[in-house]
Each structure stands twice: as structure tokens, then as C-alpha cells.
Peer 1: 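Would you mind keeping the following structure in view while I ask a few things?
All chains are named by letter (A, B, ...) in the order of the sequence lines, taking the proteins before the strands, and each is independently numbered beginning at 1. FYI, side chains are in, hydrogens and waters are out, and symmetry mates aren't considered; it's all heavy atoms of this structure.
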Protein chains: 2
Amino acid sequence: MENSIRKKFETRAGIIKSMGHPTRLFIVDELSRGERCVCELTELIGADVSTVSKHLTILRNAGIVQDDKRGSQVFYSLTVPCVLNFFDCVESVLKARLSKQMDSIG
Amino acid sequence: MENSIRKKFETRAGIIKSMGHPTRLFIVDELSRGERCVCELTELIGADVSTVSKHLTILRNAGIVQDDKRGSQVFYSLTVPCVLNFFDCVESVLKARLSKQMDSIG
DNA sequence: TGCACATTTGACTATATTGCCAAATGTGCA
DNA sequence: TGCACATTTGGCAATATAGTCAAATGTGCA
């Protein structure tokens, strides 16, 4: 694969990869219903704040979320709504997976 | 996070994660133009066949691609066309990232 | 059967990711 | 200033992932 092509796919894969983690996908899902501060997300996820913060950093670096510091809190929100389409497609994949399973059982 | 919720996001993140690798994203892109055998993909990617085969296994297990063995060759194709929407959204994210950069430069 | 070709699998090393704790940083307020 | 709270960062151990080579498997054909 030519180098500029490889770079192109590295950049794009990086964006997708940032959502390829259960906690981060949960965050995206949660932010689809509005902005949330780190403390709210931490409460919902039930992990260490530092862990949540790092996941948010990964999503921010990818460009999936943006942060808004207000007072001592930091509110995160989605930068681009289209990431929600991922969920629909993932459901299609799951559906296709199931019908394949059915076929194999007969 | 409750256990059934965690599992739900693990399953879905796994599907997304399978596309979060440059080579695998390239494969998805290439398959959007029709089925390809392992040898063709290997040629295009320029990596070891075994590496390509393993990437294809990951995509197959995720449910993104399906294989069709014909003779001594194995042809891969997309199971669900909607994964191509990912590309459009990724471009939006890149665009948003760029305009943010512009803003920060002023 | 035996050979050429296509693909997968196993074993291994190198590298990357994750999560936790502790410490640092930043903010508002008494 | 000093304290409480929110968040980020650094360091570290456990785990997961990626790539390579060698070997195994499967197919078609002479």
C-alpha cells in the first residue's frame, strides 16, 4: 500500500478506533442525549475518574467530542452528530450475524 | 455501569473496533467496490498473506465481511452495506477537526 | 499420488492499550 | 491564604493486539 494511502487510512481508522471501546461507546451514547460533565459520566460508568478522564481525552483527540470548561467542571458534548449513525449500522451487523447463526443451525 | 449494559456496549464496541485499524479499514473500503480474494487484497496491501488473513478473520468474526470459498480461493465481501456510512461521518469529523484548528490559529 | 497454489493456524516477540493509584493542577469561595 | 471540589497527568502492572516466520490445511490438476 502506498504511503499516502496508508496515512489516509491510519487517520481515519484512528477516529473509528476511538469509539471501539465499551466505555467510550457508552460515553458517545450518553452524550447523544446532551452534554455531561466528567463527574456525571464517572458516576454512570462506575470507574475511576482518572480512567474516565483518559477515555474522554482519547475521544477529544479523535475529534468525536469537545469540552467546555465552566467553573470547576468540564462539560463534554458530541462535535458531530453523525457518529450516532454508527449505532444503527452496528445493529444491522448484529442482525445479520444472528440470521447467519440461524442458517447454520437450520 | 450495570452488567447487562456493559455487555451490550462490549458487543457493539467490538464491531466498531474491528474497523479501527488502517489495514482493516482499507479492506472494507476495497470491498465496497466488490468482492476480492485474499490474494488480491494481499497484493494491494503489501503485507504478509498471513497478516491479511488474520485481519480478515477479525472482520469476519465481527460480522463485517463474509467469505465465499470457491476452488482454492476465498472471496470476501461486505455483509452489510451501511458500514460505508462510517466513511462519510469520519470525513465530517476530520472537517470539524480542521475548522477547530483554524479557530485556534485565528 | 504428488505438486503448485491459496489460505489459515501456531508460536513467538514487539508494541500498544487499559485501569488503578497517587500526585498535580485548576476553580470557587470563605 | 487555605480548603473543598473537579479534573488531569504520571507511573506502573496486567492484558491485548499486530506482525512475522514456519508449518499445516485445503483445492485442482497432471
Peer 1: Check the distance between D/dT8's C1' and A/Leu41's CG and give it to me in whole angstrom.
Peer 2: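 Interatomic distance, CG of A/Leu41 to C1' of D/dT8: 15 Å.
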Peer 1: I need the CD-P distance between B/Glu10 and C/dT17, as an integer number of Å.
Peer 2: 19 Å
Peer 1: Between atom NZ in A/Lys69 and atom C1' in D/dT8, what is the gap in whole Å?
Peer 2: 9 Å
Peer 1: Using atom CG of B/Asp67 as one end and atom P of D/dT27 as the other, report the distance to the nearest whole Å.
Peer 2: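 My rounded result for the distance is 13 Å.
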Peer 1: Classify the nucleic acid contact of B/Arg70 as base, sugar-phosphate or nothing, counting any heavy atom under 4.0 Å across all strands shown.
Peer 2: nothing
Peer 1: Scan B/Tyr76 against the nucleic acid and name what it touches under 4.0 Å (heavy atoms): base, sugar-phosphate only, or nothing.
Peer 2: sugar-phosphate
Peer 1: Nearest-nucleotide wise, let me know which of A/Gly20 and A/Gly71 is further upstream toward the 5' end of DNA chain C.
Peer 2: A/Gly20
Peer 1: Atom CG of B/Asp68 to atom P of C/dT8: distance rounded to whole Å?
Peer 2: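 Going from B/Asp68 (CG) to C/dT8 (P), I get 12 Å.
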Peer 1: Taking the side chain of A/Val49 as heavy atoms from C-beta outward, which of C/dT8, D/dT8, D/dG19 is closest to it?
Peer 2: D/dT8
Peer 1: Side chains of B/Val65 and B/Thr79: does their closest heavy-atom pair fall under 4.5 Å?
Peer 2: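 The answer is no, as the side chains (C-beta and beyond) never meet within the 4.5 Å cut-off.
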Peer 1: Round to the nearest Å and state the distance from B/Arg36 atom CZ to C/dT7 atom C1'.
Peer 2: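 Whole-Å distance recorded here is 18 Å.
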Peer 1: What integer distance in Å separates B/Ile45:CD1 from D/dG19:C1'?
Peer 2: 13 Å
Peer 1: Hey, are the side chains of B/Tyr76 and B/Leu31 touching, using non-hydrogen atoms and a 4.5 Å cut-off?
Peer 2: yes
Peer 1: Is A/Val74 close to A/Asp68 at the side-chain level, that is, under 4.5 Å between some pair of heavy atoms?
Peer 2: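 Heavy-atom side-chain distance check fails, nothing below 4.5 Å.
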Peer 1: Starting at CZ of A/Arg6 and ending at C1' of D/dA18, how long is that distance when rounded to a whole Å?
Peer 2: 13 Å
Peer 1: Relative to each other, are the rings of A/Phe87 and B/Phe9 parallel, tilted or perpendicular (30° and 60° limits)?
Peer 2: perpendicular
Peer 1: So which of residues 53-61 of chain B are in contact with DNA chain C, with a heavy-atom cut-off of under 4.0 Å?
Peer 2: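 By residue number: B/Ser53, B/Lys54.
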Peer 1: Does a nitrogen or oxygen in the side chain of A/Lys17 sit under 4.0 Å from OP1 or OP2 of C/dT17?
Peer 2: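 For C/dT17, OP1 or OP2 has a side-chain N or O of A/Lys17 closer than 4.0 Å.
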Peer 1: Counting N and O atoms only, with roles assigned by atom type, does the side chain of B/Glu40 sit under 3.5 Å from a partner on the main chain of B/Cys37, one being a donor and the other an acceptor?
Peer 2: yes
Peer 1: Check this one for me: any side-chain N or O of B/His21 less than 4.0 Å away from OP1 or OP2 of D/dA16?
Peer 2: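 Answer no for this pair, as no side-chain N or O of B/His21 is under 4.0 Å from OP1 or OP2.
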Peer 1: Partner lookup for D/dG28, please. Criteria are Watson-Crick or G-U wobble with both distances under 3.5 angstrom; report none if nothing qualifies.
Peer 2: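 Partner of D/dG28: C/dC3.
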Peer 1: Taking the nucleotide of DNA chain D with the closest heavy atom to each, which residue, A/Ser72 or A/Ser50, is nearer the 5' end?
Peer 2: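 Nearest nucleotide further toward 5': that of A/Ser72.
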Peer 1: Below 4.0 angstrom, N of the basic side chain to O of the carboxylate: do A/Glu35 and A/Arg70 qualify?
Peer 2: yes
Peer 1: More than 12 heavy atoms of other residues, nucleotides or ligands under 6.0 Å from CD of B/Glu43: yes or no?
Peer 2: no
Peer 1: Got A/Leu25 and A/Glu30 here, is their nearest side-chain heavy-atom distance under 4.5 Å?
Peer 2: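 They are not in contact (no side-chain heavy atoms under 4.5 Å apart), so the answer is no.
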Peer 1: For C/dC12, give its Watson-Crick or G-U wobble partner with both distances under 3.5 Å, or none.
Peer 2: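 Because both required distances fall under 3.5 Å, C/dC12 counts as paired with D/dG19.
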Peer 1: From D/dA18, C/dT7, D/dA6, pick the nucleotide closest to the side chain of A/Gln73?
Peer 2: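 The closest nucleotide is D/dA6.
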